[in-house]
Number of protein chains: 2
Amino acid sequence: MAAYERIAGDLRRSIRDGQLKPGTQLPAETQLAEQYGRSVPTIREALRLLRDEGLIEKQHGKGNFVRKARTPVLRTNDRHQWEKDRVREPLEQRAETGATEHDTGLTVNDLVFHAAYSEAKAGEELAGLFGIPEGAALVERTYRTRYAAERAPFALVTSYLIRDLVAENPALLDADNEPWPGGTQSQLASVGIELDRIEERLFARPPTPEEAEELDLPAGTSVIQLRKTSYDTDNRPVEISFVVLPGDRTELLFTTPLERW
Amino acid sequence: MAAYERIAGDLRRSIRDGQLKPGTQLPAETQLAEQYGRSVPTIREALRLLRDEGLIEKQHGKGNFVRKARTPVLRTNDRHQWEKDRVREPLEQRAETGATEHDTGLTVNDLVFHAAYSEAKAGEELAGLFGIPEGAALVERTYRTRYAAERAPFALVTSYLIRDLVAENPALLDADNEPWPGGTQSQLASVGIELDRIEERLFARPPTPEEAEELDLPAGTSVIQLRKTSYDTDNRPVEISFVVLPGDRTELLFTTPLERW
DNA sequence: AGCCTCAACTCCTAAAGAGGACTTGAGGAC
DNA sequence: GTCCTCAAGTCCTCTTTAGGAGTTGAGGCT
């Protein structure tokens, strides 16, 4: 086994069994090099392994530190309730006071939204998912949701609607109407669409550099990529959202009721 | 910006826009070094970035290759149906023929199970989750599920039951009874437990080296860590499972029915 | 007190070089 | 034809050396 792997294993053990507590600074690379009788690049190789596993954090000019766990944001599939508490009611209160700050971002409770609308034509993937011809007109909404106290958003969302289905309510084509009062379900009801169920598909992967930048993800973290499809009562996809969530501070909670036997 | 970052960006672009197709071999490191006018270590640094992003794959002695996407296994929360089709019915057929191969692994359809049972005492975390005193007796079941055609399992599961709740059906304490005929829900019904719902909490992170080994995960992949809790109709946790899924070949699908408005 | 400078510490980028280990295919021995 | 050997290609590990860049605190200046 390579020297850097043995050293990494040694440090990993110390971190796991609590000898090196979260937040602790590791000895300097030159120190470790001397201690293990190896060159600095070899030590750095070992530290890189630990960083990629999410065990340590490198801070240029300061040192290497045992990473602290972050307390994740909980996202539930019983989201109606969640959105209602966190977003809609405060929003409706806000509406009464007449405050508006779209465009540059809208602060509701302790959440900040940034939304942008544009028109898009269905590509191959979206056409297939919606079951519509390629090139059909879609409304594309991209938004970021962020806690006011934090600098990075906790969700990157791009959402698509079939334009012709929602065109009769112009408010749905207007970014100033974001976030939607009453939520997706009630907004879509305004154009006669009744939702039946939501399907969420997800998997995990390392972030792209762009995502790492935007979500402020350190090395050694993952993202959850999620595709959410809302179906109407005729079993047709009405809204499709692509969501990227930071793995180090998101916990998803799904509750599935069981049929009794 | 550092030279290795520019080079990585350059290659990343080529991969994304399809100039370098999945499966293609990249030029040798010495070639790239000459091509970019940089030393080999600098090139290797760039390639490491791409590997950590999951874009390329290194093969010792052969070369660097653009990684191919894997087609993921779909796991749904409507799992009754899934398990029924894939596991239970074939299992019941098998039971009739009298074949048994527990212990060393049990092949049903094209799935292979490995299960091990042991007794455990509730530690702090599990006691809290179950709402029982620390030190209470639990049944611990660990199992691996694998497709017969593949060498690595697609799930690492450790599952806990409160021993006193299931003790009256000795079959539930016996690894030879694995996987459970009729599934969890019907097995628990045999000791008078009626399940009400399942809660699944999940997040994503890089794999530990042990997980990478066992799941045969290359660098540049993530795992999904999932905690599944089954509640009975008295709202008490009955079974708690800790699941680790390989991010590069698992897709989770959750369906949430909406209440009509 | 407040501010500035600077030295000392940290990690980061880059190079060149030596040897090792894995993979493959060509060529020869049988 | 089959098998073996071997060379050439690949990436991997480790060292030494050099300079750059971010962070912090001590000390002096104002």
Side-chain angles (χ1 to χ4, degrees), chain A residues 1-12 15 20 22-68 151 209 212-213 216-221, chain B residues 1-12 15 20 23-68 151 209 212-213 216-220:
Chain A
M1 188 190 276
Y4 74 92
E5 285 177 305
R6 278 188 289 99
I7 296 170
D10 199 41
L11 294 171
R12 188 185 297 114
I15 294 172
L20 292 170
T24 314
Q25 180 167 10
L26 298 182
E29 294 172 351
T30 49
Q31 299 276 321
L32 288 171
E34 196 173 351
Q35 184 176 325
Y36 283 104
R38 292 290 177 170
S39 71
V40 168
T42 299
I43 297 297
R44 286 181 55 76
E45 196 69 20
L47 294 174
R48 190 198 315 258
L49 277 188
L50 300 181
R51 186 203 57 177
D52 289 346
E53 293 166 25
L55 287 178
I56 69 168
E57 192 172 334
K58 319 206 91 202
Q59 292 187 38
H60 189 173
K62 300 176 81 171
N64 298 299
F65 299 84
V66 180
R67 190 182 283 174
K68 296 177 186 168
R151 67 188 176 297
E213 163 75 17
D216 193 28
L217 290 172
T221 56
Chain B
M1 190 190 276
Y4 74 92
E5 284 177 306
R6 277 188 290 101
I7 295 169
D10 199 41
L11 293 170
R12 187 184 298 115
I15 294 173
L20 292 169
T24 315
Q25 179 167 11
L26 299 182
E29 294 173 350
T30 50
Q31 299 277 319
L32 289 171
E34 196 172 352
Q35 184 175 324
Y36 284 104
R38 290 293 177 169
S39 70
V40 169
T42 299
I43 297 297
R44 288 181 54 75
E45 196 68 21
L47 293 174
R48 192 198 315 261
L49 276 188
L50 299 180
R51 187 202 55 176
D52 289 346
E53 292 167 25
L55 288 177
I56 69 168
E57 191 172 335
K58 319 206 91 201
Q59 292 186 38
H60 189 171
K62 300 176 80 172
N64 298 298
F65 299 84
V66 180
R67 188 182 284 173
K68 296 177 185 169
R151 66 187 178 298
E213 163 75 18
D216 193 27
L217 290 173

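Note on naming: letters A, B, ... go to the chains in the order of the sequence lines (proteins, then strands), and numbering restarts at 1 for each one.
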Using atom CZ of A:Arg48 as one end and atom P of D:dC14 as the other, report the distance to the nearest whole Å. 13 Å
Given C:dC11, is OP1 or OP2 found less than 4.0 Å from the side-chain N or O atoms of A:Arg44? no
What distance do B:Thr24 atom OG1 and B:Arg67 atom CZ have between them, rounded to the nearest 0.5 Å? 14.5 Å
Measure from CG on A:Leu47 to P on D:dT13 and round the result to the nearest Å. 16 Å
Walking DNA chain D from its 5' end, the first of B:Pro41 and B:Gln31 to be reached, judged by nearest nucleotide, is B:Gln31
What contact category does A:Gln59 fall into here, base, sugar-phosphate, or nothing, at under 4.0 angstrom with non-hydrogen atoms? sugar-phosphate
Do the side chain of A:Glu5 and the main chain of A:Leu49 share a donor and acceptor less than 3.5 angstrom apart? no
How many Å lie between CD on A:Glu5 and C1' on D:dC12, as a whole number? 11 Å
Distance check: side-chain N/O of A:Thr42 vs OP1/OP2 of D:dT13, anything under 4.0 Å? no
Ion pair present between A:Glu29 and A:Lys58, side-chain N to carboxylate O less than 4.0 angstrom? yes
Is it the case that C:dC11 (base atoms only) and A:His60 (side chain only) share a donor and an acceptor within less than 3.5 Å, ignoring hydrogens and angles? yes
Short side-chain N/O contact from A:Lys62 to OP1 or OP2 of C:dC9, under 4.0 Å: no
Does D:dC11 have OP1 or OP2 under 4.0 Å away from a side-chain N or O of B:Asn64? yes
Quick one: which of C:dC11, D:dT13, D:dC11 gets closest to the side chain of B:Lys58? D:dC11
When rounded to whole Å, the CD1 to C1' distance for the pair A:Ile43 and C:dC12 reads 16 Å
Point-to-point distance, once rounded to the nearest 0.5 Å, from CG of A:Leu32 to OG1 of A:Thr42: 12.0 Å
Working to the nearest 0.5 Å, report the span between CD of B:Gln35 and OG1 of B:Thr30. 11.0 Å
From CZ of A:Arg6 over to P of D:dT13, roughly how many Å is that when rounded to an integer? 13 Å
D:dT13 phosphate, OP1 or OP2: any side-chain N/O from A:Tyr4 under 4.0 angstrom? yes
From CE of A:Met1 across to P of C:dG20 the rounded distance in Å is 20 Å
